[in-house]
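Please read all numbers here as calculations on a predicted model, not as lab measurements. Here is the naming used below: chain letters follow the sequence lines, and residue numbers restart at 1 for every chain. Values below: all heavy atoms of this structure, side chains included; hydrogens, waters and symmetry mates excluded.
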Amino acid sequence: MTLLLFAGSLLGAMALGMPIAFALLVSSLSMMLSAGGIDPQTVALQMINAADSFALLAIPFFLLAGEAMSAGGLSRRLVGFALALVGHRRGGLGHVAIVAAVLLSSLSGSAVADTAALAGVLMPMMRRAGYDAGRAAGLMAAGGIIGPIIPPSIGFIVFGVAGNVSITSLFLAGVAPGLMMAVALALTWSVVARRETVETLPRASWSEAATALKDGLLALGLPVIILLGLKFGVFTPTEAGVVAAVYALLVGIVFYRELAITAVPRVLLSAVRTTASVMLLVCAASVSAYLLAIADIPAEVRGLLEPFAGNRTALVAAMMAIVLVAGTALDFIPTILILTPVLMPIVRSAGIDPVYFGVLFVMNNAIGLITPPVGTVLNVASAVGRVPLGRVTVAVVPFLLSQVAVLVALVLVPELVTVPLRWLR
Amino acid sequence: MIAGLAARALAVAEWLLALALAAMLAMVFGNVVLRYGFNSGITVSEEVSRILFVWVTFLGAVAVMQRRGHLGFDLVVRALPPRGRQACRIVSGVLMLVCCLVFLHGAWTQTAMNLANAAPVSGLPLGLAYAAAVVGAAGLALMVAADLLGALAGREPPPPHHEAEPGA
């Protein structure tokens, strides 16, 4: 009953067109009303306590790192690094995009930023070489969503805090599945781009390649520091965020000299804005999550999932189906925040590893970024790549299917997530 | 004129928040360096960073609101005729105003209660963090009320600020 009220009032308020953060508050108020009355203290305390969190401080730091990366030229050089590695191969620019997507995602936690960086550098080159522009943009959108799976990842931070799961474990667990997504994309690309007649790039001269590799290695120092630091418990995810931000600023300002000191305030401002809009959602969602928890939603949902009792694979598959459907129409962070308090009690009571579930859940939500009608990353690929949205939406389908196939494989064989995690931990 | 004044005040506030982020960066990074380099640390840095973070969250939310940058879902509303869109805007304005006022009421009480309580390490009053919620709730309420008045007077809403989805 409470669940129905929560979902109904939330969707109703969203349909009116108000910001989702407010729709979450409206649904909280309606749950309070039905439970006896509105308590302003609960609203305020939940909102404030949600923001008063050292773990969530990782969000502004990683966002700042991302902004500094693109303003400081790290993103561009990583694409150049991938170009020097595989650019001369047959169908090469597509593989460059995939390698670059993996490199970018190991520095940034954002699918939107990764897609923009990829499309900005590679789309003009792919057009000139004669690739189908729609297909190229579709590939970059699908490559961009590896961003939230390979650490760092804003999605993992938000899920970890909302679901009370170790963010460090989530980060380490995301590495292997992210690489699997990249392999799936590369295979798909080899098939769909087989018949394209394009010019291959000349192999870069040794000195050019050396410069690109040297520049790229400097940028790649960062993910190495982050991963090793987290693995050996040298720092918390929040401190990893701060190290990432300082490193990105330092490399952009001192080594590449692309980020002027005078431009730093703009970078900070931009990170503040994104942080504030993510955090208002987090705060509003914590009110409804609290009300759901005290209304014993877990028991209600367990009833709904009775048919799956005893079969974890079927249960995970059912939850993934729900997330996939929700993800087509809902945005990334809101879906995570809305569904985590509903699904986590089931996950825990069914004895499913929360870290394993978190990886699948965030990957599923990332896939939602390239499904219409609301596919933010498709919009970015279309806008930055200058390809009509309709063409990108059609062209992304084979890549989308290959990533759904990875998701299905992870549902069927949990060891694909848990075994590599054991090596990394 | 009031709108212009509000915009300017928020622009100043945003730069202060950017400064706050720089301070948070310096404090938390300083702590990491001190811990590994010098086996010491600034004990207050975590507490102060968190207070600043609460301000970034709530005061920042007002600034984002002013730019109409909060994530929404407009597929339904866009499909409606102008009158229906107008009605939705008014209803959602009223509901949002109720949310802001409930939040403001609670935040105010909590701030008053916590003004005298000191944070465990820094000794700063806990009310400092709660005050951010008061400012944020009041700011959001004013924004929503202004938009609601505009809707009632039949003025078109300013175009939303299209930025890529935050955090995705």
Point-to-point distance, once rounded to the nearest 0.5 Å, from NE2 of B:H70 to CG of A:L281: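 Interatomic distance, B:H70 NE2 to A:L281 CG, rounded to 0.5 Å: 8.0 Å.
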query: Distance from A:L259 atom CG to A:R266 atom CZ, nearest 0.5 Å?
result: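 So the CG of A:L259 and the CZ of A:R266 are separated by 13.0 Å.
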Based on non-hydrogen pairs under 4.5 Å, which of [options] is most in contact with chain B?
| options | result |
| --- | --- |
| A:L249, A:L64, A:V267 | A:L64 |
| A:L45, A:N379, A:I38 | A:L45 |
| A:L56, A:L330, A:V158, A:V243 | A:L56 |
| A:L29, A:L269, A:V26 | A:L269 |
| A:T42, A:V43, A:V246, A:I145 | A:V246 |
| A:S53, A:C283, A:A13 | A:S53 |

Per-residue contact mode, A:V234 against chain B (heavy atom under 4.5 angstrom):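 Its backbone and side chain both get close to chain B.
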message: Which atoms of A:I336 are under 4.5 Å from chain B, going by heavy atoms: the side chain, the backbone, both sets, or neither?
response: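 Contact with chain B: none, neither part.
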Minimum heavy-atom separation for [X] and [Y], please, with both atom names.
| X | Y | result |
| --- | --- | --- |
| A:A240 | A:I226 | CB-CG2, 4.3 Å |
| A:F61 | A:A245 | O-CB, 3.6 Å |
| A:F332 | A:A366 | CE1-N, 3.6 Å |
| A:T115 | A:A381 | CG2-CB, 4.0 Å |

Does any heavy atom of chain A fall under 4.5 Å from the side chain of [X], the backbone, both, or neither of them?
| X | result |
| --- | --- |
| B:R35 | side chain |
| B:M24 | both |
| B:A22 | both |
| B:L140 | side chain |
| B:V56 | both |

For the interface with chain A, which of [options] has the highest count of heavy-atom pairs at distances below 4.5 Å?
| options | value |
| --- | --- |
| B:G136, B:G72, B:A20 | B:G72 |
| B:W108, B:Y130, B:F29, B:F58 | B:F29 |
| B:V64, B:V28, B:V76, B:V77 | B:V28 |
| B:A18, B:A61, B:G93 | B:A18 |
| B:V33, B:V54, B:L19 | B:V54 |

- prompt: Do you see a donor-acceptor pair shorter than 3.5 Å between the side chains of A:D331 and A:T376?
  reply: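 Note: A:D331 and A:T376 side chains meet the donor-acceptor criterion.
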task: Assert yes or no for the condition that the ring centre distance of A:F156 to A:F62 is strictly below 6.0 Å.
output: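 No.
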task: Would you sort out whether A:V278 and A:I59 count as a side-chain contact (heavy atoms from CB on, under 4.5 Å), showing the intermediate values?
output: CA-CA 9 Å; A:V278 172; A:I59 293 179; 4.2 Å; yes
query: Are any side-chain N or O atoms of B:W55 and backbone N or O atoms of B:A131, one a donor and one an acceptor, separated by less than 3.5 Å?
result: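 Looks like no, no N/O pair under 3.5 Å.
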message: Looking at A:Y290, I want to see if its OH is surrounded by more than 12 non-hydrogen atoms of other residues, nucleotides or ligands under 6.0 Å.
response: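 Counting neighbours around OH of A:Y290, 12 or fewer heavy atoms of other residues, nucleotides or ligands fall under 6.0 Å, so no.
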